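Report on the following structure.
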Amino acid sequence: MANNQDRRPLIAGNWKMNTTIDQGLALAKDIVKTITPTKADVVLCPPFTHITEVGKIVADTDIEVGAQNMFYEESGAYTGEISAEMLISIGCNYVIIGHSERREIFKETNEDVNKKLHAALKAGLKPIVAVGETLEEREQNKTEDKIKNQVTKALVGIESLENIVFAYEPIWAIGTGKTATPEQANDVNRYIRAILGSLYSPDQAKYTRIIYGGSVNPENADILMNEPDIDGALVGGACLKCEHFAQIINSASSG
Ligand code: PGA
């Protein structure tokens, strides 16, 4: 893989609201059996209800566990919410923040994303911050404006990029089978890195992982991962099939 040597690839599987506990544990067991030692970091993000048990299944491996969301307050009267501290207490290492489904369906704002990022880092979670444009925005040449706004607002008051991962996920490519071309994805990832360089330092930007998500599958993973600014993938649909997920991990680990 032609990825920059300074960044270890990351493949995260976003299970979304899929699988019962039995199905989820069977999938996790299959993944543990199938995945061979890899040069990529591998993270499973199952539903909250499965995290503890999936954590036990991957305990003796290098595979880590993440959550798909969290709330920014530490505790209190927030019915239905889960805090960063709670996630840490069940062995979670990563958390996806600002996924477009959270932004679109649950009306999460850039300010919410920023508060969640602060809370996640404070608790010791590694946040995967998702950003991306709609098809309409892309067609109107507003992709860069949208990305710059999301990235900049997510990072308000954040002192360092350490432990933060960004995921570029064009909304029109999520769950649609329509993937960004490697060039489109790399262009935006490179643009994100340039924003990070100007907000922090070129050095911090150089070491920050920026992954791609949106209909990543075993067929397109190789060419996407080959791009110099794509440091891995946030995988939705394809991560629910062990064999497909394993193939994507191999794409990120080769070379
Ligand atoms: P997809 O989802 O791979 O099914 O397009 C990616 C994501 O939403 O993270």
Side-chain angles (χ1 to χ4, degrees), residues 9-35 38 40-59 61-71 80-84 86-88 90-106 108 116 120 125-130 132 165-171 173-177 179 209 211-218 220-221 224 232-252:
L10 170 72
I11 303 293
N14 176 8
W15 296 17
K16 308 195 180 182
M17 197 176 75
N18 291 299
T19 71
T20 61
I21 188 76
D22 288 348
Q23 292 164 341
L25 299 191
L27 175 61
K29 282 179 192 158
D30 272 355
I31 290 171
V32 165
K33 266 191 254 155
T34 313
I35 293 173
T38 159
D41 287 340
V42 177
V43 182
L44 309 183
C45 303
F48 288 130
T49 45
H50 304 10
I51 291 175
T52 304
E53 292 300 318
V54 169
K56 289 180 194 164
I57 292 169
V58 302
T61 74
D62 289 334
I63 301 172
E64 295 177 279
V65 183
Q68 300 169 19
N69 181 35
M70 51 164 267
F71 191 49
E81 294 297 326
I82 303 273
S83 73
M86 290 175 190
L87 294 176
I88 287 283
I90 55 168
C92 222
N93 297 116
Y94 284 83
V95 61
I96 302 170
I97 292 179
H99 189 280
S100 62
E101 286 150 19
R102 301 289 325 164
R103 295 179 190 258
E104 300 227 311
I105 304 169
F106 301 99
E108 281 188 12
K116 289 183 180 198
L125 288 167
K126 293 180 187 169
I128 302 173
V129 181
V165 177
F166 282 88
Y168 168 52
E169 296 209 304
I171 295 169
I174 295 178
T176 57
T179 324
R209 291 185 291 189
I211 62 179
Y212 167 80
S215 297
V216 176
N217 61 40
N220 58 31
L224 285 163
L234 183 52
V235 185
C239 81
L240 296 170
K241 291 210 175 81
C242 174
E243 198 186 315
H244 290 181
F245 191 53
Q247 283 170 15
I248 293 168
I249 291 165
N250 285 339
S251 299

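Computed from a prediction, not measured in an experiment: that's the story for all the values here.
Taking the side chain as every heavy atom from C-beta outward, Tyr94 and Asp41 approach each other to under 4.5 Å. Side chains of Glu108 and Ile97 form no contact here, defined as non-hydrogen atoms less than 4.5 Å apart. Residues Trp15 and His50 are in side-chain contact: their nearest non-hydrogen atoms beyond the backbone lie under 4.5 Å apart. Counting only heavy atoms from C-beta outward, the side chains of Leu125 and Met70 approach each other to under 4.5 Å. Looking only at side-chain heavy atoms (C-beta outward), Phe245 and Val42 come within less than 4.5 Å of each other. Between Ile174 and Glu101 the shortest side-chain heavy-atom distance falls below 4.5 Å. Put simply, the side chain of Val32 does not reach to within 4.5 Å of the side chain of Lys29, judged on heavy atoms.
Distance CD1/Ile11 to SG/Cys239: 11.0 Å, rounded to 0.5 Å. The CG atom of Leu234 lies 5.0 Å from the CD1 atom of Ile211; values are rounded to the nearest 0.5 Å. Here Ile128 contributes atom CD1 and Leu10 contributes atom CG; the two are 5.0 Å apart, rounded to the nearest 0.5 Å. How far CG of Leu44 is from CD1 of Ile31: 5.0 Å, rounded to the nearest 0.5 Å. To the nearest 0.5 Å, atom NZ of residue Lys241 and atom CG of residue Asn217 are 10.5 Å apart. Interatomic distance, CG of Leu25 versus CD of Glu53, reported as 6.0 Å (0.5 Å rounding).
In terms of heavy atoms, Ile63 sits closest to Ile35 at CD1-CD1, 4.2 Å. Across every non-hydrogen atom of Gly213 and Pro170, the tightest pair is O-CD, 3.4 Å. For Pro218 against Gln247, the heavy-atom pair with the smallest separation is CB-OE1, 2.8 Å. Shortest non-hydrogen contact noted between Asn18 and Pro47 is O-CG, 3.6 Å. Between Pro46 and Gly66, the shortest heavy-atom contact is CD-O, 3.5 Å. Residues Ile248 and Ala238 come closest through the heavy atom pair CD1-CB, 3.8 Å.
For the pair Arg209 (side chain) and Val165 (backbone), a donor-acceptor distance under 3.5 Å is absent.
In this structure, a donor-acceptor pair under 3.5 Å is absent between the side chains of His99 and Gln68.
In summary, of the residues considered (Thr52, Asn93, Val54), a side chain to side chain contact (heavy atoms under 4.5 Å, CB included) with Val65 occurs for Val54 alone.
Within a 6.0 Å sphere centred on CD of Glu243, heavy atoms belonging to other residues, nucleotides or ligands number 12 at most.
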